[in-house]
Amino acid sequence: MSGNGNGNGSGNGSARVAGAAGTAWGAVLFTCPDEVWQRVTGRGCTADEQLVTQLLGLRHLAQGIAELVAPGVVRRPAALVDVSHALSMVGLAAWRREYARPALASAGVALAGAALSRGGRRRR
């Protein structure tokens with residue numbers, strides 16, 4: 001079966017898993033940014049880092065909900081957003097060494113999300 005946008009495609013199950021994971025991760029980033037920074041960097045976040053982390057959490061929430069509601073429609077764009085985010089985080093890690101750990105952690109999460117979103121794509 002192929003993904004046809006109606007929720008019945010083979011990739012939709014993995015997109016829904018990505019959506020559920022993204023929604024949960026977004027909720028954590030939005031509600032507990034300081035705790036996330038503490039675990040990743042060993043320190044709490046500044047006010048600016050908190051804002052950026054919460055905005056990223058909102059993006060994950062929106063994307064995750066979209067993947068849960070319409071996985072066949074959004075799985076490819078979601079994977080593209082995640083890959084783009086991962087690339088930007090690798091760039092940030094290279095540019096600002098003090099952000100390397102959280103940026104690379106965010107890139108890893110984004111690539112995992114992209115892999116799940118695209119996991120069931122049709123083979124040609």
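- A search for side chain to side chain donor-acceptor pair (under 3.5 Å) contacts involving Thr41 returns nothing, not counting sequence neighbours.
- Linking ILVMFWY side-chain heavy atoms closer than 4.5 Å, directly or via other members, places Leu56 and Val40 in a single hydrophobic cluster.
- At least one donor-acceptor pair closer than 3.5 Å links the side chain of Gln38 to the backbone N or O of Gly44.
- In this structure Leu58 satisfies the side-chain contact (heavy atoms from CB on, under 4.5 Å) test together with Phe30, Leu55, Leu61, sequence neighbours excluded.
- A 4.5 Å side-chain heavy-atom check between Gln50 and Asp34 finds every atom pair outside the cut-off.
- Side chains of Arg16 and Asn12 form a contact here, defined as non-hydrogen atoms less than 4.5 Å apart.
- Once rounded to the nearest 0.5 Å, the distance linking CE of Met89 with OG of Ser84 reads 11.0 Å.
- Every residue was checked against the side-chain contact (heavy atoms from CB on, under 4.5 Å) condition with Ala62, not counting sequence neighbours, and none meets it.
- Cluster partners of Val52 are absent, since no Ile, Leu, Val, Met, Phe, Trp or Tyr has side-chain heavy atoms less than 4.5 Å from it.
- Residue pairs meeting the salt bridge (Lys or Arg N to Asp or Glu O under 4.0 Å) criterion with at least one member in residues 85-108, sequence neighbours excluded, are Arg96-Glu98.
- Evaluation of the side-chain contact (heavy atoms from CB on, under 4.5 Å) rule for Ala21 yields no partner, not counting sequence neighbours.
- Listed by chain and number, the hydrophobic cluster partners of Leu68 come to none, as no ILVMFWY side chain reaches under 4.5 Å of it.
- Remark: His85 NE2 to Leu87 CG distance equals 10.5 Å, nearest 0.5 Å.
- By the side chain to side chain donor-acceptor pair (under 3.5 Å) test, Glu49 pairs with Arg43, Thr46, Tyr99, sequence neighbours left out.
- Here the straight-line distance linking atom OG of Ser14 with atom CZ of Arg118 works out to 9.5 Å at 0.5 Å rounding.
- Annotation: side-chain contact (heavy atoms from CB on, under 4.5 Å) contacts of Val90 (sequence neighbours excluded): Leu104, Ala107.
- Using modelled atom types, no side-chain atom of Ser117 and backbone atom of Ala78 make a donor-acceptor pair closer than 3.5 Å.
- Applying the side chain to side chain donor-acceptor pair (under 3.5 Å) test to every pair with at least one member in residues 20-32, sequence neighbours left out, gives no pairs at all.
- Nearest heavy-atom pair across Ala66 and Val74 is O-CG2, 3.4 Å.
- Of all heavy-atom pairs between Glu67 and Ala15, the closest is CB-O, 3.6 Å.
- Following chains of ILVMFWY side-chain contacts shorter than 4.5 Å, one cannot reach Leu116 starting from Val109, and the two form parts of different hydrophobic clusters.
- Formation of a donor-acceptor pair under 3.5 Å by the Ser106 side chain with backbone atoms of Ala103 is not found in this model.
- Closest non-hydrogen pair, Leu29 versus Gly57, comes out as CB-CA, 3.6 Å.
- With sequence neighbours left out, the salt bridge (Lys or Arg N to Asp or Glu O under 4.0 Å) criterion links Arg59 to Asp82.
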